[in-house]
Amino acid sequence: MVFRAQQLFVNLPVSDLKRSMAFFGEIGFEFDMNFTDDNAACMVIGENIYAMLLVEDYFRTFVTKEIANAESTAEAIFALSVDSREEVDAVVNRALAAGGKPSSDKADHGFMYQWSFQDVDHHLWEVFYMDMDAAQDPNAAQA
């Protein structure tokens with residue numbers, strides 16, 4: 001039996017909701033205001049893909065574990081696929097201009113191009129472009 005979810009909601013703790021919304025708004029993300037209030041903001045990442053930015057105190061009501069200190073601990077990497085290498089650069093440059101921090105240098109693997117940043121709460125985001133035709137070429141990874 002294969003399981004397929006209809007939507008994905010990633011819940012992220014944030015220290016300052018307005019600051020996080022402003023940061024992601026500068027990158028170009030939109031918010032679903034039907035699911036946004038003083039405790040949470042629903043950031044639209046793609047069709048049926050969302051990040052719920054939750055104020056830390058509100059986030060704590062959903063978990064019994066400690067919240068990871070994303071400044072010193074890698075909890076996850078949120079990888080976002082885009083349509084071109086130029087879009088990778090544009091998104092990360094907007095993130096850095098909006099107050100994000102570099103996470104890793106650009107990497108060109110021939111078939112895949114990627115670059116990463118940390119948001120204002122130190123969560124890791126990777127933006128990548130994958131050339132599916134080149135991915136099928138066994139020599140592309142050596143380019």
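In this text, all values refer to a predicted model and were calculated from it rather than measured experimentally. Numbers here are sequence positions counted from 1.
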Does a side-chain heavy-atom distance below 4.5 Å link [X] with [Y]?
X	Y	result
Tyr50	Leu8	no
Glu75	His123	yes
Val91	Ile27	yes
Val14	Tyr58	no
Phe62	Arg60	no
Phe78	Val10	yes
Met43	Glu30	no
Thr36	Cys42	yes

Atom pair [atom1] ([X]) and [atom2] ([Y]), whose distance is rounded to the nearest 0.5 Å:
X	Y	atom1	atom2	value
Gln114	Tyr129	CD	OH	14.0 Å
Ile49	Leu80	CD1	CG	8.5 Å
Lys106	Ser116	NZ	OG	12.5 Å
Leu53	Phe59	CG	CZ	11.0 Å
Asn48	Gln6	CG	CD	8.0 Å
Asn39	Met52	CG	CE	10.0 Å

Nearest heavy-atom neighbours spanning [X] and [Y]:
X	Y	result
Asp38	Val55	O-CG2, 3.6 Å
Ala40	Leu54	CB-CD2, 3.3 Å
Ala98	Glu26	CB-CB, 3.6 Å

Do [X] side-chain atoms and [Y] backbone N/O form a donor-acceptor pair below 3.5 Å?
X	Y	answer
Ser103	Leu124	no
Asp121	Ser15	yes
Glu87	Asp83	yes
Arg94	Gly28	no

Would you kindly confirm whether [X] and [Y] end up in one hydrophobic cluster when ILVMFWY residues are joined by side chain heavy atoms under 4.5 Å apart?
X	Y	answer
Val82	Met130	no
Phe117	Leu12	yes
Trp125	Met21	yes
Phe9	Phe35	no
Phe111	Met132	yes

Heavy atoms from other residues, nucleotides or ligands near [atom1] of [X] exceed 12 (cutoff 6.0 Å):
X	atom1	answer
Glu66	CD	no
Asn69	CG	yes
Asn34	CG	yes
Ile77	CD1	no

> Is a side-chain donor-acceptor pair under 3.5 Å present for Tyr113 with Asp89?
Replying inline: yes

>> Please determine whether a side-chain nitrogen of the Lys or Arg among Arg85 and Asp131 lies less than 4.0 Å from a carboxylate oxygen of the Asp or Glu.
In response: no

> Does a side-chain N-to-carboxylate-O contact under 4.0 Å join Asp119 and Lys101?
Replying inline: no

>> Before you tell me yes or no, could you show the steps for Trp115 and Asn93 under side chain to side chain contact (heavy atoms under 4.5 Å, CB included), namely the whole-Å CA-CA distance, both residues' side-chain angles and the distance that decides it to 0.1 Å?
In response: CA-CA 10 Å; Trp115 195 11; Asn93 281 322; 3.4 Å; yes

> Does the pair Val120 and Phe23 meet the rule for a side chain to side chain contact (heavy atoms under 4.5 Å, CB included), with working shown?
Replying inline: CA-CA 7 Å; Val120 293; Phe23 172 78; 3.7 Å; yes

